[in-house]
Amino acid sequence: MSEVILKMDNVHANYGLVPALRGVSLHLNKGEAVVLIGNHGCGKTAVLKAICGLLPVVGGKVLFEKSFIHRLPPEKVVSRGISYIDEMKLLFSSMSVIDNLILGSYHLSRKERRERIEQDIQIVYKLFPVLKERRKQYAGSLSGGEQQMLAIGRALMASPKLLLLDCPTLGLAPKLVEKVVSVIAELKDRGVTILLVDQKLQQVINIVNRGYIMMEGRVILEGSPEELLLIEEGHCQTW
Amino acid sequence: MDYSIALQLFFSGLNLGSIYTALGLGFFVVYSVTRVLNLAQGEFVMLGGMLVVTFYTKGIPLVPSILLAVVITSLAGAGIYRFIIFPARKFPGMTKVFLTLGCAFIIQGIALHFWGWEFRSLAAFFDTPSIQICGATIFGQTPWVIGATLIMVAGLFVFFGHTIQGKALRACANEPLGARTVGISIERMALFSFALAAGIGAVVGALITPLTMTSYSMGLPLTAKGLLAAFVGGITRVEGVILGGLVYGMIESITAGLIPWGNHNVIALAILVGGLLIRRRGILLTAGKG
């Protein structure tokens, strides 16, 4: 049986006064890729934000590698090995590509950073050669696809054990979607656990192991990618 | 115009420009990180000057006096952030600006209580004598002002451009949420920026006391001048702050030299405000950038 790396137990969270999560329970096994699907506003992004600390958890528990993280601020969650990539990317637009990558390793100790930073940057450049070409350019001047690559690259600089991806293929051209999906697959092969939200299950079906369907702030179904695809196709008119 | 008078105005402008640049750096540091205009910055300058005079007159050598003043003023800056700005961190930006103004009056009141209303002064650092160049006089303190400003500017360039902590400070201003997702504590960075700005203010206070003297009430006029200098060049870029400071210093020096009836401050301010009306984001910044 696979080792559980993350467990959410009856998690409640609110956006202001509006409930976003109403008792979400799910788990992730080490090294697997899991997708969250559901209609707009069903709480998919809220799940990711509750895990990474951006959305305060008001009830329930989040367990990561045998320690509770639901009361930790985002900056502490990162140091536990969880990186979050927002739908809006949240890049430092007036800073260069290389500075964005360097800041991805911010939470590491000085010694760790000195030992690993060059090697980690080369790994990112190998995954996304275009970032090497654009390393001195402002992040804000990159195209949408390049910004997505930089967001993934920056998250990888933290050497995450768990990567949370919010709509990583949103708004990208088909070729770039292929590229991003292949990188996610490669990260999974390297042992990084992945939880991703995607509007189009079809795009990521080959790389995910399982998925959860959400509705109105709750997980309503868990299934294999094929099962989820059948359900999604059957209900696409309502989503 | 007589060559020596022109040279005198130039040196005077350079001296004033360095002071305004150094003043503007404090605003730049806090604004870059927190997007708050710290209206207590001038009080840090006053506090630094007062503390240096106090320590020096008690027999502590000049350099340790300055270092002590910097440490105490930095702690005051950190304290203002931690106990006044931090609890109001979720309030609108303008509320925080007014809170810093309130802090300015508190610091002023404390200074009046401890030091009274008298002006205090220091001799030029290490009793450096004035020098004559082609008929123009350079006061002994002027090289110290220019040199220290250059060192602070260079230090900030290196810090913000080449150290991970400096980059993290810039990242907080650029994309606070993104900064949190990479592990940067916004609160810690904001605290540091207030302490750093207060420390810079204390150095400026020590530098200008031999030239202008210091008193409990000098903070707010300095805040106004430093803020204007920073805005004229562009407060979000260190180059803008330098340019703004130098432009302000030169205009004030030239108007003081050419206009005999003593309204040079008003005229210099009017020129800068007029310039800001034409170029609202500062000389170096254009709409949509910076």
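Numbered from 1 within each chain, the chains take letters A, B, ... in sequence-line order.
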Counting only heavy atoms not in [X], do more than 12 sit closer than 6.0 Å to its [atom1] atom?
X: B/Arg188; atom1: CZ; result: no
X: A/Tyr15; atom1: OH; result: yes
X: A/Lys61; atom1: NZ; result: no

What's the shortest heavy-atom distance between [X] and [Y], and which atoms?
X: A/Tyr106; Y: B/Gln165; answer: OH-OE1, 3.0 Å
X: B/Gly183; Y: A/Val78; answer: N-CG2, 3.8 Å
X: B/Arg180; Y: A/Glu75; answer: NE-OE1, 3.4 Å
X: B/Val182; Y: A/Gly104; answer: CG1-CA, 4.2 Å

Find the distance between [atom1] ([X]) and [atom2] ([Y]) and round it off to the nearest 0.5 Å.
X: A/Leu103; Y: B/Arg170; atom1: CG; atom2: CZ; value: 8.5 Å
X: A/Asn100; Y: B/Glu175; atom1: CG; atom2: CD; value: 10.0 Å
X: A/Ser94; Y: B/Arg237; atom1: OG; atom2: CZ; value: 10.5 Å
X: A/Tyr138; Y: B/Asn174; atom1: OH; atom2: CG; value: 10.0 Å
X: A/Ile117; Y: B/Ile164; atom1: CD1; atom2: CD1; value: 5.5 Å

request  = Measure B/Ala173 against the heavy atoms of chain A and call it side chain, backbone, both or neither at under 4.5 Å.
outcome  = neither
inquiry  = Does any backbone or side-chain atom of A/Arg113 lie under 4.5 Å from a heavy atom of chain B? Answer side chain, backbone, both or neither.
reply    = side chain
key: Proximal component of A/Leu108, with respect to chain B [non-hydrogen, under 4.5 Å]   = neither
inquiry  = I'd like to verify something: which residue of A/Pro73, A/Ser93, A/Gly53 has the highest number of heavy-atom pairs under 4.5 Å with chain B?
reply    = A/Ser93
ask   = If you tally heavy-atom pairs under 4.5 Å against chain B, which of A/Lys89, A/His107, A/Arg154 wins?
value = A/Arg154
key: Side-chain heavy atoms of A/Asp86 within contact of B/Thr181, under 4.5 Å   = no
inquiry  = Please evaluate residues A/Met88 and B/Leu177 with respect to the criterion side chain to side chain contact (heavy atoms under 4.5 Å, CB included), reporting the C-alpha separation (whole Å), side-chain torsions for both, the decisive distance (0.1 Å), and the verdict.
reply    = CA-CA 11 Å; A/Met88 305 301 292; B/Leu177 213 52; over 6 Å; no
